[in-house]
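Notes follow the structure.
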Amino acid sequence: MHQDTTSIRPAGNQFLSFKLGGLEYGLDFSKVQELRILKSLERFAADGAIVEGVAVSRGVIMPIVDMRAAFCGHPVATTPTTDVIILKLSTCVMGMVVDGVTDVVTLTPEQISPIPGADGGAIDYLLGLGVTEGRRLILVDIDRLMSIDKKTSARQVA
C-alpha cells in the first residue's frame with residue numbers, strides 16, 4: 001500500500017527557535033545537526049571571546065561561536081539553559097552557543113514579513129520576521145550570518 005507523504009509534511013518551512021539577548025530568533029531547521037548542552041561538549045583551545053575555540057562532538061572537531069558574546073560585545077556567563085546548536089552549514093560543521101533553544105516552529109510564507117527598516121537587502125542575513133501564536137521570530141539565514149567578513153561588513157556600514 002502506497003501512502004501519500006505530501007499530506008504528512010507540514011505546509012511551510014520549519015525553523016528552530018532560540019533565545020539570544022532577550023529576543024527570539026529562528027533558523028532553518030534543516031541546518032541543525034544536533035542540540036547539545038554547553039557543558040556536555042568536550043571543549044579544548046577555548047581562548048577567544050566570540051570564537052570559544054573548538055569542541056568535539058561525535059568525533060567531529062568543530063569551531064564553537066558564542067553568539068551571546070557576539071551580540072552583547074562581552075563574554076556572558078553560562079546558565080543551565082545555555083545550549084549549543086550544532087550546525088551543518090554549506091562550508092563546515094560548527095557549534096553556536098545561544099541562551100536557550102525554544103522549539104521547532106512551522107511557518108507558512110504568509111506568516112513571514114520583511115524586517116521593518118532593513119531596506120530589502122541592507123542586512124542580507126535576515127530573512128524576515130515570522131509571527132505565530134503571538135510570538136515574533138527574527139529569521140536568519142545562518143549560512144550568510146556565519147560567513148560575514150567583519151572587515152567587509154565594517155566598510156559597508158561606514
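Computed from a prediction, not measured in an experiment: that's the story for all the values here.
Summarising the geometry of M62 relative to M94, their closest heavy-atom pair is SD-C, 3.8 Å, with the distance given to 0.1 Å. Contact detail for L127 and I112: the closest heavy-atom pair is O-CG2, 4.5 Å. Across every non-hydrogen atom of M96 and L87, the tightest pair is CB-CD1, 4.0 Å.
Contacts classified as side-chain hydrogen bond (donor to acceptor under 3.5 Å, both in side chains) and involving residues 85-94 (residues at least two apart or in different chains) are given here: S90-D143. Under the salt bridge (charged side-chain N to carboxylate O under 4.0 Å, His left out) criterion, the residue pairs touching residues 18-27 are E24-R135, with sequence neighbours excluded.
When the side chain to side chain contact (heavy atoms under 4.5 Å, CB included) test is applied to E34, the partners found at least two apart in sequence or on another chain are R36, S57, R58, I86. Under the side chain to side chain donor-acceptor pair (under 3.5 Å) criterion, D28 pairs with S30, not counting sequence neighbours. Scored by the salt bridge (charged side-chain N to carboxylate O under 4.0 Å, His left out) test, R136 finds no partners at all (sequence neighbours excluded). For E110, the side chain to side chain donor-acceptor pair (under 3.5 Å) test picks out T108, with sequence neighbours left out. Scored by the side chain to side chain donor-acceptor pair (under 3.5 Å) test, T81 finds T79 as partners (sequence neighbours excluded). Partners of T132 by side chain to side chain contact (heavy atoms under 4.5 Å, CB included), not counting sequence neighbours, listed by chain and number: V105, L107, Q111. In this view, F18 and Y25 satisfy the ring pair (Phe, Tyr, Trp, His ring centres under 6.0 Å) rule, not counting sequence neighbours.
Residue L139 holds its CG atom at 9.5 Å from CG of L27, rounded to the nearest 0.5 Å. Note: R144 CZ to L89 CG = 13.5 Å, rounded to the nearest 0.5 Å. Atoms CG and OG1, from N13 and T106 in turn, are 8.5 Å apart once rounded to the nearest 0.5 Å. Atom-to-atom distance recorded for L137:CG and T102:OG1 is 8.0 Å, nearest 0.5 angstrom.
Looking only at side-chain heavy atoms (C-beta outward), I85 and L35 come within less than 4.5 Å of each other.
Put simply, F29 and V98 are part of the same group of oily side chains (I, L, V, M, F, W, Y) that touch within less than 4.5 Å, one to the next. In the hydrophobic clustering of ILVMFWY residues, with side-chain heavy atoms under 4.5 Å counting as a link, L23 and V140 come out together.
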Carefully, step by step, assess V97 and T82 under the rule side-chain contact (heavy atoms from CB on, under 4.5 Å). CA-CA 7 Å; V97 181; T82 303; 3.6 Å; yes
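For the pair S17 (side chain) and D103 (backbone), a donor-acceptor distance under 3.5 Å is present. Looking at R68, its side chain does come within 3.5 Å of a backbone N or O of A77 through a donor-acceptor pair. For the pair D83 (side chain) and V101 (backbone), a donor-acceptor distance under 3.5 Å is present.
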